[in-house]
A.B. asks: 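Encoded as structure tokens, here's the structure I'll be asking about.
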Protein chains: 2
Amino acid sequence: MLRQKLTNSILRAAIIELAREGYAGLTMEGVTRRAGVGKAALYRRWSGKEDMIIEILLESKLVIIEAPNTGSLEGDVKQYLSEAAKMLRRPLSKKILPDLYSEMTRDTRLGHTIREQVQKPKNKCVIQIVEQAISRKEMAGDANYMLAYDLLAGPLYWHMLINQETADIEFVNRLVRVITTALKVC
Amino acid sequence: MLRQKLTNSILRAAIIELAREGYAGLTMEGVTRRAGVGKAALYRRWSGKEDMIIEILLESKLVIIEAPNTGSLEGDVKQYLSEAAKMLRRPLSKKILPDLYSEMTRDTRLGHTIREQVQKPKNKCVIQIVEQAISRKEMAGDANYMLAYDLLAGPLYWHMLINQETADIEFVNRLVRVITTALKVC
DNA sequence: CAAATATGAAACGATAACGTTCCGTTTGTG
DNA sequence: CACAAACGGAACGTTATCGTTTCATATTTG
């Protein structure tokens, strides 16, 4: 009968610690200090930090983007990139995601969870966009899905996560135009 | 009068540890164990792991790419992406770079060094490619450099580092063709 | 209201890395 | 060859976090 309000407070503190210290630098004691709770409250809920962060990933919609279906490739691309940019503008996401992508390369339960919960849904979304474009004859039938995925996701992530740049509407619109052009010859 | 051969052995061990444990998980003791040396040998050379890794970055050409000048935009793009792919294929680079990009978001001396030594040279290289293309009238005079940078670097980075995928020559060639098309409408 | 239980705080021993120091041995330099 | 210095290895005290336990207090539930 753990108190839900306390659970939420702890998870909020954990997210902030994750953003500040990174996953490897995250400690259970750091979370207790930030949340102002006792250690027992944490260990009654999770066996350790991996458990805790996995719960955050499973519950968070931070990284999920709905597959668009606007009727045109350019519309779909615009909606996808706009949603992605909106998510990547959040200061916590901007700090946390480079770290998660780094953890994703490791053979741990957390790495596996990130691949399944963060990356796979993103890929599904892109597949749908491409399939719709092919059925509308906006893309060739033998289009390379992986290449399309890299074109759609790569530039914005590079821009916002690696270079930690901003992306206003004007920039996203330019990106949409250019990437749509590229997808059509994909 | 520190022995250079030993310094090299230690740095090699440090790179492997960096790839296996990540920067946050890297320990001086771990490096001594892998290198089979005493701790004094390390602390006689560096004040701590940040110092040591910064020396590795400054000495390594792991991430530097020469600015191409082949006479055509497509040629430059092909050379740039081929070199980048060659570098990203190296197992150690593939493991280490996501970690460095994560550290780059932090306000530390290491973060600053990565930005200066890894990212800035890459950006300079792209600027040159774009300037050459503009002077050849292959790109518009008001092209957006940052957008060009994101297009050139983003997809391959996303492909190889985030998704840890391979990139054979065929894939790189497809990428070259599509990105060149995109750059021309940039 | 009363019983049950989750809570914060503190203390605990265990583990691991830190950075320093010592010592006996190896190396390379003059 | 002889000397100086760097070396490996071990030991040291220090610090931080781990995960557990205890206990008095606060909260929820019946």
Side-chain angles (χ1 to χ4, degrees), chain A residues 1-57 59 96 99-100 102-103 106-111 113, chain B residues 1-56 59 95-96 99-100 102-103 106-111 113:
Chain A
M1 199 113 355
L2 302 172
R3 298 182 198 159
Q4 190 58 42
K5 274 186 78 171
L6 186 61
T7 304
N8 295 338
S9 302
I10 296 171
L11 289 178
R12 262 196 306 276
I15 290 173
I16 294 173
E17 283 289 297
L18 182 59
R20 295 173 69 101
E21 310 296 334
Y23 178 71
L26 181 78
T27 67
M28 295 297 265
E29 296 202 330
V31 175
T32 64
R33 282 192 294 268
R34 179 168 300 276
V37 304
K39 303 178 72 167
L42 266 70
Y43 284 104
R44 216 175 279 124
R45 290 170 168 78
W46 307 281
S47 66
K49 69 175 180 178
E50 187 177 49
D51 237 42
M52 190 173 65
I53 299 302
I54 285 177
E55 173 166 337
I56 288 174
L57 285 184
E59 291 199 345
I96 289 173
D99 229 85
L100 292 188
S102 169
E103 287 303 320
R106 304 209 144 72
D107 186 22
T108 58
R109 197 157 65 89
L110 176 61
T113 304
Chain B
M1 198 117 350
L2 302 171
R3 299 182 197 158
Q4 189 59 42
K5 275 186 76 171
L6 187 60
T7 304
N8 296 338
S9 302
I10 297 171
L11 289 179
R12 262 196 306 276
I15 290 173
I16 295 172
E17 283 289 297
L18 182 58
R20 296 172 68 102
E21 311 296 336
Y23 177 72
L26 181 79
T27 67
M28 296 295 265
E29 297 203 331
V31 174
T32 65
R33 281 192 294 267
R34 180 169 299 275
V37 303
K39 303 179 72 167
L42 266 73
Y43 284 104
R44 217 175 278 125
R45 289 169 168 80
W46 308 281
S47 66
K49 69 175 179 177
E50 186 176 51
D51 238 41
M52 190 173 64
I53 298 302
I54 284 177
E55 173 166 338
I56 289 174
E59 291 199 345
K95 288 288 281 185
I96 289 173
D99 229 86
L100 293 187
S102 170
E103 287 303 318
R106 304 209 144 73
D107 185 21
T108 58
R109 197 156 67 88
L110 177 62
T113 304

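In what follows, chains are A, B, ... by sequence order, proteins preceding strands, each numbered from 1.
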A.B. asks: Are any protein N/O atoms closer than 3.5 Å to N/O atoms in nucleotides 28-30 of chain D? If there are, list each pair with its distance.
C.D. replies:
none

A.B. asks: Atom CD of Q4(B) and atom P of dC7(D): how far apart are they, to the nearest Å?
C.D. replies: 11 Å

A.B. asks: Report the residues that fulfil salt bridge (Lys or Arg N to Asp or Glu O under 4.0 Å) with E21(B), sequence neighbours left out, ordered by chain and then residue number.
C.D. replies: none

A.B. asks: Please lay out, stage by stage, how Q4(B) and N8(B) fare under the test side-chain contact (heavy atoms from CB on, under 4.5 Å).
C.D. replies: CA-CA 6 Å; Q4(B) 189 59 42; N8(B) 296 338; 3.1 Å; yes

A.B. asks: Could you tell me the separation between the CG atom of L2(B) and the CZ atom of R45(B), rounded to the nearest 0.5 Å?
C.D. replies: 4.5 Å

A.B. asks: Where along residues 38-48 of chain A does a heavy atom come under 4.0 Å from DNA chain C, residue by residue in number order?
C.D. replies: G38(A), A41(A), R44(A), R45(A)

A.B. asks: In degrees rounded to 10°, what angle is found between the helical axes fit to the five outermost pairs at each end of the helix from dC1(C)-dG30(D) to dG30(C)-dC1(D)?
C.D. replies: 40°

A.B. asks: Where along residues 19-35 of chain B does a heavy atom come under 4.0 Å from DNA chain C, residue by residue in number order?
C.D. replies: T27(B), M28(B), E29(B), R33(B)

A.B. asks: Step through the shown structure and confirm whether more than 12 heavy atoms of other residues, nucleotides or ligands are within 6.0 Å of CZ on R20(A).
C.D. replies: no

A.B. asks: Considering only distance and modelled atom types, tabulate donor-acceptor pairs under 3.5 Å from the side chains of residues 47-55 of chain B, sequence neighbours left out.
C.D. replies:
unit_1 : atom_1 : unit_2  : atom_2 : d
K49(B) : NZ     : Y23(B)  : O      : 2.8
K49(B) : NZ     : A24(B)  : O      : 3.2
K49(B) : NZ     : L26(B)  : O      : 3.2
E50(B) : OE2    : R109(B) : N      : 3.4
E50(B) : OE2    : L110(B) : N      : 3.1
D51(B) : OD1    : R109(B) : NH2    : 2.6
E55(B) : OE1    : W46(B)  : NE1    : 2.7

A.B. asks: As an exercise, state the distance from CD1 of I56(B) to CD1 of I15(B), rounded to the nearest 0.5 Å.
C.D. replies: 4.5 Å

A.B. asks: Where is the tightest heavy-atom contact between A35(B) and I10(B), given as atom of each residue plus distance?
C.D. replies: CB-CA, 4.3 Å

A.B. asks: Which heavy atom in L6(B) sits nearest to a heavy atom in A41(B), and how many Å separate them?
C.D. replies: CD2-CB, 4.2 Å

A.B. asks: Rounded to the nearest 0.5 Å, how far does CG of D99(A) lie from CG of D99(B)?
C.D. replies: 8.0 Å

A.B. asks: Nearest to the side chain of L2(B), heavy atoms from C-beta on, is which of dG8(D), dC7(D), dG8(C)?
C.D. replies: dC7(D)

A.B. asks: Could you measure the distance from the CD1 atom of I16(B) to the CG atom of L11(B)? Nearest 0.5 Å is fine.
C.D. replies: 11.5 Å

A.B. asks: Mind checking the CD-CD1 spacing from E103(B) to I96(B)? Nearest 0.5 Å is all I need.
C.D. replies: 12.5 Å

A.B. asks: CZ of R33(B) to NZ of K39(B): how many Å apart, nearest 0.5 Å?
C.D. replies: 9.5 Å

A.B. asks: What are the two closest non-hydrogen atoms of R106(B) and L18(A), and how far apart are they?
C.D. replies: NH2-O, 4.3 Å

